[in-house]
Amino acid sequence: MKRRDFIKTGAIGLAAPSAVFGETNIKPNKNDPLILSTWKHGLPANDAAWKSLQNGGNAMDAAEAGARVPEADPSITSVGFGGYPDEEGNVTLDACVMDSKGNAGSVAFIQNIKHPVSVARKVMEDTKHVMLVGEGARQFAVSQGFEEMDLLTVESKKAWEEWKKKRREMTPHETHDTISVLAQDKNGDMAGACTTSGWAYKLHGRVGDSPIIGAGLFVDNEIGCAAATGLGEEVIKTTGSFLVVELMRQGYDPTAACEEALNRVIKRHNGNPDFQIAYIAIRKDGEIGSACIKGSFEYALARGGQNKLHKIKGLL
Ligand code: ASP
């Protein structure tokens, strides 16, 4: 058996916590809405997304509501408030959304705004554009009533000051934990959201895959949706999330599609890349999949009244 799947029950879980080995999918039920998110902070994100669905929200509402949770949580150092800064001490954030109609919105290199994912949604819904960056994105957010705040916490400042003493280059394997939230609502419509503070202590101005439609996130309501976490530079170079969805279009099941997209990266790095990338994917019929390159990866799946964390092993 190649991979093991450990399950922990989250806050909305109805079932007793259980460990399931060798099973990555709960049998999909066509009419069940579902939320699929990256990492452990996907659990509280899924709770919020689920609540949004219960309150009549659609897939886009749910994905956005989910992504806002880690954005606001200062203990999560890879997303939003409390995210690690760039090498100059600036917290610069990337986020995007995509809905079931193929609309997309994105902000990159935005500073001092707590909820970039909601700014991305505003870009999608209230402008003619897809992407705003940097100071322009911040000004747009302020014009839309988003509050400005210092996103560097005492803890993240301390970590950055510690890092500055040696300026040790963070290995790409250390810098991940973007939250990506994929949602499918009761109508079967799909949407996604992705938000991150990116590579810790990156060069000022660096933008990763997370705000790039087709790289960090892609939704095709006829086929499925996919999202990424991990080394953004490599996700961008392989148009990762778009590739996963296109592979599902060609008939790959969601996990096989994630694996094949990663195999292309692995091949480009002579079979031994020294970094992590993970994908999550939902197919239109509710089948889900995930894969990662190295070590392990956790995704949170909320479906049928349960919210559970699943741990998978890397391909290498
Ligand atoms: N994909 C993100 C980036 O490269 C990193 C992460 O997953 O946290 O910016």
Side-chain angles (χ1 to χ4, degrees), residues 5-15 17-18 20 23-70 97-101 117 178-195 217-229 241 244-245 248 252-258 278-291 297-312:
D5 192 24
F6 305 92
I7 298 180
K8 291 173 203 158
T9 302
I12 64 165
L14 302 176
S18 62
V20 178
E23 177 192 297
T24 50
N25 277 330
I26 298 167
K27 203 170 182 302
N29 177 340
K30 264 197 173 150
N31 303 316
D32 274 355
L34 71 104
I35 316 287
L36 180 64
S37 301
T38 51
W39 304 111
K40 197 174 169 190
H41 37 272
L43 282 174
N46 284 2
D47 286 341
W50 195 264
K51 244 180 236 157
S52 167
L53 289 181
Q54 281 179 324
N55 291 336
N58 61 23
M60 187 66 263
D61 299 323
E64 180 192 1
R68 285 172 63 94
V69 175
V97 296
M98 195 161 183
D99 73 11
S100 61
K101 295 191 171 68
V117 74
T178 292
I179 181 84
S180 294
V181 184
L182 300 176
Q184 186 169 33
D185 62 29
K186 63 179 185 330
N187 300 320
D189 289 331
M190 292 177 290
C194 183
T195 179
L217 173 71
F218 195 71
V219 178
D220 180 331
N221 206 41
E222 284 183 6
I223 305 296
C225 51
T229 177
S241 294
V244 171
V245 173
M248 288 195 284
Y252 283 73
D253 71 47
T255 293
C258 293
Y279 290 115
I280 54 172
I282 305 175
R283 197 171 58 193
K284 184 70 178 172
D285 66 356
E287 179 89 16
I288 68 117
S290 179
F297 165 65
E298 291 177 312
Y299 63 84
L301 173 63
R303 169 153 57 186
Q306 298 176 13
N307 186 18
K308 294 174 179 174
L309 197 62
H310 300 244
K311 186 169 183 172
I312 59 165

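Position 1 is the first residue of the sequence; numbering continues from there.
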Self-check item: Side chain Arg68, main chain Ala48, donor-acceptor under 3.5 Å
Solution: no

Quiz prompt | Residues forming a side chain to side chain contact (heavy atoms under 4.5 Å, CB included) with Asn58, sequence neighbours excluded | solution = Met60, Asp61, Asp185

Exercise. Of all the heavy-atom pairs spanning Asn221 and Gly188, show the shortest one and how long it is.
Key: OD1-O, 4.0 Å

Self-check item: Side-chain heavy-atom pair Lys284, Met190 within 4.5 angstrom cut-off
Solution: yes

Quiz item: Do the rings of Tyr299 and His310 sit parallel, tilted or perpendicular, given the 30° and 60° boundaries?
Solution: parallel

Self-check item: Residue pair Gly286 / Gln184: nearest heavy atoms and the distance that separates them
Solution: CA-OE1, 3.6 Å

Self-check item: Partners meeting salt bridge (charged side-chain N to carboxylate O under 4.0 Å, His left out) with Asp220 (sequence neighbours left out)
Solution: Arg249

Practice problem: Could you grab the distance from atom OG1 of Thr255 to atom CE of Met248, nearest 0.5 Å is fine? | Solution: 10.0 Å

Quiz prompt | Check: Glu287 main-chain N/O paired with Asp285 side-chain donor or acceptor under 3.5 Å | solution = yes

Quiz item: Which pair of non-hydrogen atoms, one from Leu36 and one from Ala281, has the smallest distance, and what is that distance?
Solution: CD2-O, 3.4 Å

Quiz item: Once you round to the nearest 0.5 Å, how far does CZ of Arg283 lie from OH of Tyr252?
Solution: 14.0 Å

Quiz item: Closest heavy-atom contact between Ala302 and Asn46?
Solution: N-ND2, 3.5 Å

Quiz item: So which heavy atom on Gly289 is nearest to which on Pro254, and how close?
Solution: N-CB, 3.4 Å

Practice problem: Mind running side chain to side chain contact (heavy atoms under 4.5 Å, CB included) on Lys186 and Leu53 for me, showing each step along the way? | Solution: CA-CA 8 Å; Lys186 63 179 185 330; Leu53 289 181; over 6 Å; no

Quiz prompt | Residue pair Leu182 / Ala226: nearest heavy atoms and the distance that separates them | solution = CD1-CA, 3.9 Å

Quiz prompt | Heavy-atom check, side chain of Val69 versus side chain of His41, under 4.5 Å | solution = no

Quiz prompt | From Asp189 atom CG to Ser100 atom OG, the distance as rounded to the nearest 0.5 Å | solution = 4.0 Å

Quiz item: Do any N or O atoms from the side chain of Thr38 and from the backbone of Thr178 form a donor-acceptor pair under 3.5 angstrom?
Solution: yes

Quiz item: Rounded to the nearest 0.5 Å, how far does CD1 of Ile312 lie from SG of Cys258?
Solution: 8.0 Å

Practice problem: Only counting residues at least two apart or in another chain, list the ones meeting side chain to side chain contact (heavy atoms under 4.5 Å, CB included) with Ala67. | Solution: Val117, Val181, Ala193, Thr195

Practice problem: Under the side chain to side chain contact (heavy atoms under 4.5 Å, CB included) rule, collect the residues that match up with Lys101, sequence neighbours excluded. | Solution: Asp99, Asn103

Self-check item: Backbone N/O of Ala300 and side chain of Ser37: donor-acceptor pair under 3.5 Å
Solution: no

Exercise. Look up atom CD1 in Ile282 and atom CG in Leu34, then write down how far apart they are to the nearest 0.5 Å.
Key: 4.5 Å

Self-check item: Partner set under side-chain hydrogen bond (donor to acceptor under 3.5 Å, both in side chains) for Ser241, not counting sequence neighbours
Solution: none

Practice problem: May I ask you to decide if Leu43's main-chain N or O and Asn307's side chain share a donor-acceptor pair within less than 3.5 Å? | Solution: yes

Self-check item: For Tyr279, all residues meeting ring pair (Phe, Tyr, Trp, His ring centres under 6.0 Å), sequence neighbours excluded
Solution: none

